[in-house]
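Start at 1 and go down the list; that is how both ligands and their atoms are numbered. Just so we're clear, the structure is a prediction, and the values are computed from it rather than from any experiment.
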Amino acid sequence: MTNKILILNNISDKGLDLLPKDNYTITEEEQNPDAILLRSYKMHDMDIPDSLLAVGRAGAGTNNIPIDSMSEKGVVVFNAPGANSNAVKELVIAGMLMACRNLVQAKEYVDGLEGEDSELHKQVEAGKKKFAGFELPGRTLGVVGLGAIGVRIANAAKALGMNVVGYDPRIQIKYAWQLSSDVEPVDTIDELLSQSDFITFHVPLLDSTKDLINAESIKGMKDNAVVLNFARDGIVNEEAVVAAIEEGKLHSYVCDFPSNAIKGAKGVIALPHLGASTTEAEENCATMVAVQIRDYIENGIVTNSVNLPDIKLARAGECRLAIMHKNHPDMVGQISSVLGECSANIHHMVNDSHGDLAYTLMDLNSQIVDVDVAALSAIEGVLKVRLL
Ligand code: NAD
Ligand code: MLT
């Protein structure tokens, strides 16, 4: 059977080539896809087809995907944690340097010069004092969110001679291990803001992370601080930051999310969502999600999902059943009863859940037939049944 993959954004061939043409068709238009691959395409207004098994976000942020609706329909959503983190780290370092050396304004100045070279050289020497900047060593960087990206930035900034303070109340153990012991943890964002010359955000966009920088919090910041936002628009209140730069309180705002409110504003450097746009990051993200989607379609294995925990089971027995269902009482009991009625013996199984969504993956010691699959599908609360 051919699996149909719908692509909603450009996805690197390095990943797509991992889905063999004999078993997968990959198109930009498909009414009944088995899986969808995308980057930043906003799926919120899209109808979710009944055929859909999985969505692969070739990147980190999943705020462009209606995760709850996907869970309600038994669709697994995967992302690519860490696969673009070096690309974002490098752009944040570039952003700090663009800001503290006034590089954008300096380039604009040079682009506007006119006259013979001798005249131009005079203007260069006369004009450069306007763009004198400051250096990174000894300055303090505050990193909000110490996940895949934040930890890399914190460590890189230490290597550049900066002091680094970090805030993440739910840091994962694997990232805590990677974090330089010279990074100073703080207990609140306000504490971080009061100490930092540069503040950079690496948190997902959630209700709890909206407007983390706002008119009130800016009052507690150091004068001349630089705010960097390569996470998502909405995390920094644009009007408040633009006003604070106008008033001379903040030095600049460097971000990846242009809007009419900030485009061309004094002290703002807005880039066209370039954080993950490197060959390496695009290949890493596409490869990671393609491998995950293929393993889910072919083996029912779940790795790096945002609406289910990791679920693995080594293949054994005669056939495999992958059952997506509601996280309600007695679901496994009802599934076992139906299997008992058709004399199927469970070799081994795993069941796990996240919120309202649950998943049971099992290998049976005998084959089952379509009518048994239909009986499983008829159980109230069962969302999808696949015989693999
Ligand atoms: P991650 O999941 O590895 O890390 C996010 C961290 O934020 C987690 O450790 C979490 O505990 C922490 N966090 C959540 N809420 C917090 C809060 N209120 N205060 C402090 N910490 C909080 O994700 P990541 O790969 O580091 O990416 C972070 C975000 O960056 C993504 O969600 C995405 O929106 C954005 N991103 C943007 C680009 C780009 O192209 N500009 C590229 C990749 C990621
Ligand atoms: C992400 O969250 O990973 C980014 O938005 C990257 C992208 O451009 O796809």
Item checked: N or O pair under 3.5 Å between I149 and ligand 1 -> yes
Next item on the list: Quick one: look at N84 and ligand 2, take heavy-atom pairs under 4.0 Å, and tell me if it's side chain, backbone, both or neither.
Entry: side chain
Note to self: Any salt bridge linking D50 with K73? Criterion: basic side-chain nitrogen under 4.0 Å from a carboxylate oxygen.
What the structure shows: yes
Can you tell me which portion of [X] lies within the under-4.0 Å heavy-atom range of ligand 1? Options are side chain, backbone, both, or neither.
{"X": "P169", "answer": "side chain"}
{"X": "Q172", "answer": "neither"}
{"X": "H202", "answer": "backbone"}

With respect to [atom], which of [options] exhibits the smallest heavy-atom separation?
{"atom": "atom 12 (C) of ligand 1", "options": "L146, D168, I189", "answer": "D168"}
{"atom": "atom 17 (C) of ligand 1", "options": "V203, I235, I171", "answer": "V203"}
{"atom": "atom 33 (C) of ligand 1", "options": "G234, G61, P81, P204", "answer": "G61"}
{"atom": "atom 30 (O) of ligand 1", "options": "A231, A176, A276", "answer": "A231"}

In the protein, what heavy atom is nearest to [atom], and what distance, to one decimal place, separates them?
{"atom": "atom 1 (C) of ligand 2", "result": "R57 NH2, 3.3 Å"}
{"atom": "atom 8 (O) of ligand 2", "result": "R39 NH2, 2.9 Å"}
{"atom": "atom 6 (C) of ligand 2", "result": "A276 CB, 3.5 Å"}
{"atom": "atom 3 (O) of ligand 2", "result": "A60 N, 2.6 Å"}

Check: Do any nitrogen or oxygen atoms of G61 come within less than 3.5 Å of a nitrogen or oxygen of ligand 2?
Finding: yes
Next item on the list: Decide whether the shortest distance between a heavy atom of T209 and an atom of ligand 1 is less than 4.0 Å.
Entry: yes
Notebook entry, point to check: How are the rings of F134 and H251 set relative to one another: parallel (under 30°), tilted (30 to 60°) or perpendicular (over 60°)?
Noted result: perpendicular
